[in-house]
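What follows is a short report on a single structure.
What you are looking at is a predicted structure, and each value in this text was computed from that prediction instead of being measured.
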Amino acid sequence: MTSPTSDSRLHSPRDQRPSSDGWLFFGKFLRYGTTIGAVVPSSRWFARKLVRDIDFTAARWVVELGAGTGPVTAELVRRAEGRCETLIVERDPDFCGRLRQRFPRANVVQADACDLEQLLADRRIEKVDHILCGLALPWLTPADRHRLLDTARRRLTPQGTFRQLTYMPWLHTRVYRRYFEQVAFRFVLRNVPPGGFYLCRGPRPEADTDLTRS
């Protein structure tokens with residue numbers, strides 16, 4: 001595993017928010033609907049609250065899944081500032097291109113987040129400290145959702161967290177409790193629409209593999 005770099009340029013966004021991001025995101029929503037999971041990108045207040053209590057001086061790896069146009073990425077790489085390594089995963093080629101334009105020195109990979117196990121293995125990453133997930137997990141197939149969450153459960157450090165962005169508070173709590181001992185919800189009202197994120201801690205030794213229950 002590579003060691004964190006002290007060069008802050010690796011985590012410096014070229015700009016804070018291109019004006020066309022909202023239109024790009026909205027266009028994707030119109031085309032792909034629920035697989036995008038939102039009409040517009042998350043607000044900067046959402047991004048700040050999502051990462052606010054992460055200790056970047058203690059973390060080694062933070063992974064973002066489904067980065068979109070990069071509102072969370074901007075806050076993540078700003079806070080990391082060479083203190084820890086980041087891996088930014090986005091499947092959509094247009095979003096991925098925008099991320100690479102905004103964060104030219106960041107570790108952005110175009111891939112399916114459900115292949116997280118292979119992505120980590122390819123980079124010889126054994127454990128990660130935090131996973132930030134912007135995917136619309138309820139709309140994945142049960143098998144793909146299990147594959148991603150089970151990888152998160154196994155690959156997180158004992159003190160690690162899994163943070164799932166959502167606009168449906170508590171509705172899917174039981175899903176996350178199959179993989180984590182503690183599941184809480186934190187609201188973020190300064191967003192369109194208002195939402196929040198599931199904060200999952202304590203990876204379980206084994207996951208509940210009954211995929212017929214939601």
Exercise. For the pair Asp150 and Arg154, evaluate salt bridge (Lys or Arg N to Asp or Glu O under 4.0 Å) and give the outcome as yes or no after the intermediate values.
Key: CA-CA 6 Å; Asp150 193 54; Arg154 290 182 291 99; 3.3 Å; yes
Do side-chain atoms of Asp129 reach the backbone of Gly160 as a donor and acceptor pair under 3.5 angstrom?
no
- Message: Pair Leu132, Phe197 - check side-chain contact (heavy atoms from CB on, under 4.5 Å), show working.
- Response: CA-CA 10 Å; Leu132 318 177; Phe197 60 94; over 6 Å; no
message = Under 4.5 Å between side-chain heavy atoms, counting indirect links through other Ile/Leu/Val/Met/Phe/Trp/Tyr residues: same cluster for Trp45 and Phe187 or not?
response = no
Residue pairs meeting side chain to side chain donor-acceptor pair (under 3.5 Å), one or both in residues 192-204, sequence neighbours left out, come to Glu181-Arg204
Distance col, row Leu156:CG vs Cys200:SG, nearest 0.5 angstrom, shows 9.5 Å
Between Trp61 and the options Ile131, Leu87, Leu120, the side chain to side chain contact (heavy atoms under 4.5 Å, CB included) test singles out Leu87
Salt bridge check, Arg147 against Asp112: does any charged N sit closer than 4.0 Å to a carboxylate O?
no
Check whether Arg123 reaches the backbone of Leu119 with its side chain - one donor and one acceptor, N or O, closer than 3.5 Å.
yes
Open item on the list: Run the side-chain hydrogen bond (donor to acceptor under 3.5 Å, both in side chains) test on Glu64 and Thr73 for me, step by step, so that the C-alpha distance in whole Å, both residues' side-chain angles and the decisive distance to 0.1 Å come before the verdict.
Closed with: CA-CA 7 Å; Glu64 183 185 5; Thr73 311; 2.6 Å; yes
Under 30°, 30 to 60°, or over 60°: which ring-plane class applies to Phe180 and Phe162, parallel, tilted or perpendicular? parallel
| said: Membership question, hydrophobic clusters at under 4.5 Å side-chain separation (ILVMFWY): are Trp170 and Val175 in the same one? | reply: yes
Expected output: side-chain Arg102 to main-chain Thr69 donor-acceptor under 3.5 Å: yes
Next item on the list: Verify, without hydrogens or angle tests, whether Arg163 (side chain) and His130 (backbone) share a donor-acceptor contact under 3.5 angstrom.
Entry: no
Checklist entry - Step by step, would you call Val72 with Leu165 a side-chain contact (heavy atoms from CB on, under 4.5 Å)? => result CA-CA 10 Å; Val72 172; Leu165 283 71; 4.3 Å; yes
Value for CG (Leu65) from CG (Leu137), rounded to nearest 0.5 Å, stands at 8.5 Å
Applying ring pair (Phe, Tyr, Trp, His ring centres under 6.0 Å) to Phe56 and not counting sequence neighbours gives none
_For a side-chain contact (heavy atoms from CB on, under 4.5 Å) check, start with the C-alpha distance between Lys127 and Arg60, then their side-chain angles and the critical distance, and finish with the verdict._
CA-CA 9 Å; Lys127 292 289 183 178; Arg60 294 284 293 174; over 6 Å; no
Say whether, by atom type as modelled, one donor and one acceptor occur between the side chain of Arg155 and the main chain of Ile125 under 3.5 angstrom.
yes
With sequence neighbours left out, the residues meeting side chain to side chain donor-acceptor pair (under 3.5 Å) with Glu90 are none
- Please confirm whether the backbone N or O of Phe95 pairs with a side-chain atom of Asp92, one donor and one acceptor, at under 3.5 Å? yes
- Main-chain N/O of Tyr179 paired with Arg153 side-chain donor or acceptor, under 3.5 Å: no
Problem set entry | Side-chain donor or acceptor of Ser43 paired with backbone N/O of Arg190 under 3.5 Å | yes
